[in-house]
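Structure first, then comments.
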Amino acid sequence: MRIRGLISPLFEACKDGKSVAQLHSYILKNGLIHDSFFVTKLSASYIKCFSLKRAHKLFDETPRPSVYLWNSILRGYSREKQWKTTLHLFLQMLSSTTITATGDVKPDNFTISIALMACTELSAIEMGRAIHGLVKKSKKIGSDMFVGSALIELYVKHGGMDDALQVFDEFPQPDVVLRTSMVTGYQQSGHAEMAISFFSRMVVMEGVSPDPVTLVSVVSAGAQMLNIEVGRCVHGFMIRMGFNVHLCLVNSLLNLYAKTGSVNNARNLFMKMPQKDVISWSTMIACYAQNGKASDALDLFNEMIENGFEPNSVTVVGALQACAAACDSKEGRKIHEIAIQKGFEFEVSVSTALVDMYMKCSCLKEAVDLFKRIPKKDVVSWAALIGGFAQNGLANESIGIFHTMLCSETRPDAVTMVKLLTASSEIGNLHQALCLHGFLVTSGFDHKIFVGAALIELYSKCGSIDDAIRVFEGINDRDVIVWSSMIAGYGIHGLGREALETFDRLIETTFLRPNRVTFLSVLSACSHSGLVGEGIKIFDKMVHECRINPSLEHYSVMVDLLGRTGELEKALQLIDQMPEPAGPHVWGALLGACRLHHNVKIGEIAAKNLLRLDPDHVGYYALLCNIYAADGKWHNAAAIRTLIKEKGLKKMPGYSSIDIGKELHPFLAV
DNA sequence: CTAGGGTTAG
C-alpha cells in the first residue's frame with residue numbers, strides 16, 4: 001500500500017509522454033502493472049500529456065480494463081475531437097460488459113456524457129436517442145447534471161427544443177449550467193424571445209442568479225432580436241456584479257451594440273475595455289463597417305495591427321465590408337494581400353467578402369476571377385456574384401450566373417432569390433417574373449417577408465400592378481418594407497391616389513412607423529401623379545410629426561414634385577433651405593423641370609451648379625442646350641454645343657431590349 | 001476526471 005503513496009506524486013510531476021513512459025517501465029519491471037490503481041494513474045497521465053497513442057497501447061495491454069480506464073481513454077479521444085473513435089470505443093465497451101465475468105464494468109455517468117457528446121458532434125441523433133433510453137434505466141445516471149447537459153446539447157443541435165425541455169424538466173433542481181444550456185439552446189435555434197423568457201422566469205420566478213456565461217447567452221439573444229434594452233439591462237447588471245472583467249461577456253455586449261446600430265455605445269464600451277482580444281477588435285471593426293463608418297473601420301483595422309494583434313479571417317471580413325461600403329478598391333486590394341499572406345484567402349467567408357468588395361467597387365474582372373478560384377463555393381458565394389452583376393447593371397448576366405449556379409447543384413436560398421428578383425425587375429419581363437414567382441411558391445421561400453417585398457417590386461416594375469397587389473394582400477404580417485414596396489409600386493404606375501390611400505391605411509390600421517423609404521415612395525408617387533399639395537403635406541408630416549430628417553433623395557423628389565407643376569421658385573427656395581449642399585440629383589431634377597417649363601433663368605442656375613459638381617456629364621449640357629433652344633436663344637445653345645464638342649463628350653446611347661423565345665432554366669419553368 | 005458562453009461572407 002505504501003508504494004502507492006510513494007509513486008503517486010511522480011505522476012503529478014510528469015510533463016510529457018516520455019516521463020510517463022519512464023514511470024510505466026518502472027511499474028512494469030516491479031510487477032505493479034496488475035494493480036489497477038497504477039494502470040489508471042498511468043493512463044490518466046498519458047492523456048494529460050496528450051500521449052494518446054501510448055495510453056491506447058496501455059489500454060490494449062490491459063486484460064480487463066476498469067471503468068476508469070475506459071473513461072480515461074474515451075476522454076483522450078474526445079479531447080482530440082476524434083469522435084468516431086470515441087463512439088466506436090464506447091460501443092465496444094457496451095458489448096464487452098456483457099461478456100465480462102465480473103459484470104461490474106458498466107458505463108457510468110462520465111462515460112455516458114462523453115458518448116453523448118460524440119453523438120452530438122457526429123450528428124448521430126438516433127444513436128443519441130438510444131443512449132438516452134439507456135440513461136432512463138439508471139436513476140443514478142439519469143439524475144447526473146453532466147449527462148443532462150450532454151443530452152440537452154444533443155437535442156438542441158439535432159432534435160429540437162421540445163426534446164431538450166423534456167430532459168430539463170426531469171431535473172427537480174437544475175443548476176445554473178443546465179439552465180444556461182436551455183437559454184443558449186433557444187437562442188441558437190433561432191428562438192431568441194423564448195431564450196429571454198426562459199431566462200426571466202429563472203431569475204424572477206425561481207430566484208436563480210445567472211452567472212457570466214448565462215448572461216452571454218442572454219446578450220446573444222438580445223443581439224439576435226436587435227433589442228437594445230436587453231443590452232442596457234445586462235450592461236447595468238454587469239457593472240453592479242463586477243462581471244466586467246469577463247471578456248466574453250463584454251465582447252457579446254459589444255456585438256449587441258454593433259447589431260443594433262448603437263455605434264456610440266459600442267465605441268465607449270470598446271474604449272473602456274481593460275483588455276481586448278482579436279474578437280473585441282473584429283467586432284468593433286465590423287460594427288463600424290456595417291453602420292456606415294467605413295473609414296473608422298479601416299482606421300481601427302490599422303490601429304489593431306499597430307497594437308500587435310494578428311487579424312484573423314473574421315477581422316479581414318469586417319475590413320473588407322468596410323472597403324465595399326466605401327467603394328475603396330485600393331484598400332480592398334491591400335487587405336486582399338493580407339488575406340493571401342495569412343493563408344485564408346480561400347476560406348469561403350473571406351473569398352465571398354472579397355468577391356462582394358470587388359463587385360461593389362465595380363472591379364468585375366477581379367471579382368469573377370477570384371470567384372472562379374474559390375474551391376468550395378456555397379450559396380452565399382454565388383449570391384455575391386449574382387448580386388454583384390445586378391448592382392452593376394448587368395441583370396441578364398446576373399440571371400445567367402443563377403442558371404450556372406443551378407447547374408452546379410447549388411440550391412438557392414431566400415436571399416439569393418431576392419437578388420434574382422431585383423435583377424429580374426430591371427429587365428421587366430413579366431413572363432420571367434411569373435416563373436420566378438412560381439419557383440418561390442414551390443420552394444416555400446414566398447413566405448419570407450423580405451421575399452414578398454421584392455416580389456411586389458418585381459411585379460410593379462414588370463408592369464403588372466394587379467399581381468403586385470395580389471402578393472401584397474396575400475401577406476399576413478406585413479412590415480414597413482412591404483408597405484413601402486406597395487406604395488412605390490403604385491407610384492411607378494402613376495397611381496398617386498392609391499399610393500396615398502395605402503399610406504393612410506398603413507398609418508390607420510397598423511402600429512408600424514413609416515420610415516424614410518416609405519416617405520420617399522409616397523412623395524415620389526405624388527410627384528409622378530402631380531399631387532403637389534398632398535406631397536407638401538406628406539413632406540411636412542415626415543419632418544414635423546415623424547421627425548425624420550429629409551435626405552438628399554427626399555429633397556430631390558420634392559424639387560421634382562414642385563418642378564413638375566412649374567413651382568420653380570418654390571423648388572429653388574427648398575434647395576436654399578437644405579441643411580447640406582444639394583447634390584447632382586437635386587439640381588438635375590430642377591434642371592429637368594426648367595426644361596419642361598421653359599424657365600431659362602432658374603435653368604441656368606441649376607446648370608451652373610450641376611456643371612460645377614460634375615463637369616463631364618454630357619446630359620446636363622444637353623438639357624441646358626434644349627432650354628436655350630426652346631426659348632429661342634440659339635446663340636447660347638450653339639455655344640453649349642461647341643463646348644460639348646471641345647470637351648470631347650459623347651452622349652451614351654439609350655437602348656432597350658426584348659426577349660425572343662429564350663427558354664428559362666427548366667428549374668424555373670412552371 | 002466531465003457540462004453551458006463571445007467576432008465572420010451574399
Side-chain angles (χ1 to χ4, degrees), chain A residues 40-41 43-44 47-48 67-68 71-72 74-76 78-79 108-114 116-117 120 144-153 156 174-185 187-188 210-220 223 246-256 258-259 276-287 289-290 311-321 324 344 347-357 359-360 371 374 377-388 390-391 412-420:
Chain A
T40 313
K41 275 279 186 189
S43 176
I47 298 293
K48 198 184 81 189
V67 184
Y68 296 109
N71 284 351
S72 80
L74 282 167
R75 161 146 169 74
S78 70
R79 198 178 54 186
D108 62 6
N109 41 6
F110 184 90
T111 328
I112 295 287
S113 45
I114 290 185
L116 285 169
M117 279 168 67
T120 306
D144 184 86
M145 302 270 195
F146 294 95
V147 172
S149 168
L151 277 169
I152 290 175
E153 197 76 346
V156 162
D175 66 2
V176 70
V177 177
L178 280 190
R179 293 173 191 280
T180 305
S181 300
M182 290 302 292
V183 176
T184 315
Q187 184 257 318
Q188 286 177 350
D211 71 1
V213 183
T214 323
L215 294 182
V216 170
S217 296
V218 170
V219 173
S220 299
H246 284 262
L247 196 50
C248 286
L249 183 51
V250 188
N251 282 345
S252 68
L253 197 57
L254 197 62
N255 179 48
L256 184 145
K259 291 282 137 65
K276 304 175 179 101
D277 64 1
V278 207
I279 297 184
S280 327
W281 287 92
S282 308
T283 308
M284 195 63 222
I285 290 168
C287 172
Q290 290 160 11
N312 62 18
S313 60
V314 182
T315 326
V316 162
V317 166
L320 286 171
Q321 286 179 321
F344 42 65
E347 269 181 39
V348 68
S349 61
V350 176
S351 356
T352 306
L354 278 165
V355 168
D356 183 54
M357 182 275 291
M359 277 299 191
K360 296 242 165 79
F371 177 82
I374 302 177
K377 306 173 178 58
D378 62 10
V379 223
V380 187
S381 345
W382 282 100
L385 200 67
I386 291 168
Q391 282 155 24
D413 66 359
V415 182
T416 318
M417 291 313 294
V418 170
K419 307 230 170 256
L420 200 67

Which part of the nucleic acid does [X] contact within heavy-atom distance under 4.0 Å: base, sugar-phosphate only, or nothing?
| X | result |
| --- | --- |
| A:V316 | nothing |
| A:V213 | base |
| A:V147 | nothing |
| A:K48 | nothing |
| A:D413 | base |
| A:Q187 | nothing |
| A:S78 | nothing |
| A:S181 | sugar-phosphate |
| A:S72 | nothing |
| A:N71 | nothing |
| A:T352 | base |
| A:V176 | base |
| A:E347 | nothing |

Would you mind telling me which of [options] lies closest to the side-chain atoms of [X]?
| X | options | answer |
| --- | --- | --- |
| A:E153 | B:dA9, B:dG4, B:dT7 | B:dG4 |
| A:T416 | B:dT2, B:dA3, B:dG10 | B:dG10 |
| A:F146 | B:dT7, B:dT2, B:dG5 | B:dT2 |
| A:R75 | B:dT2, B:dA9, B:dG5 | B:dT2 |
| A:P212 | B:dT2, B:dG10, B:dG5 | B:dG5 |
| A:V177 | B:dA3, B:dG5, B:dA9 | B:dA3 |
| A:V314 | B:dG5, B:dG10, B:dT8 | B:dT8 |
| A:A353 | B:dT7, B:dA3, B:dA9 | B:dA9 |

_Whether the side chain of A:S149 engages the backbone of A:M145 through a donor-acceptor N/O pair (distance < 3.5 Å, no angle test) should be reported._
no
*Output yes when a side-chain donor or acceptor of A:S381 lies under 3.5 Å from a complementary backbone atom of A:D378, and no otherwise.*
yes
Considering only heavy atoms and no angle criterion, is a donor-acceptor pair shorter than 3.5 Å present between the side chain of [X] and the base of [N]?
| X | N | result |
| --- | --- | --- |
| A:T184 | B:dG5 | no |
| A:S349 | B:dA9 | no |
| A:T180 | B:dG4 | yes |
| A:S282 | B:dT8 | no |
| A:D211 | B:dG4 | yes |

*asked:* Is there aromatic stacking of A:F110 on B:dC1 here, judged by a ring-centre distance under 5.5 Å and a plane angle under 30°?
replied: yes
*Any luck finding a side-chain donor-acceptor pair between A:T120 and A:E153 under 3.5 Å?*
no
*asked:* Within the 3.5 Å criterion, strictly below it, is a donor on A:S252 or A:N255 matched to an acceptor on the partner's side chain?
replied: no
*What's the shortest heavy-atom distance between A:L247 and A:S280, and which atoms?*
CD1-OG, 4.0 Å
*Not counting sequence neighbours, which residues clear side chain to side chain donor-acceptor pair (under 3.5 Å) with A:T184? List them please.*
A:S217
*asked:* Checking A:W382 now: which residues fulfil ring-ring contact (aromatic ring centres under 6.0 Å, His included) with it, not counting sequence neighbours?
replied: A:F371
*A:K259 side chain N/O closer than 4.0 Å to the phosphate oxygens (OP1, OP2) of B:dT8?*
yes
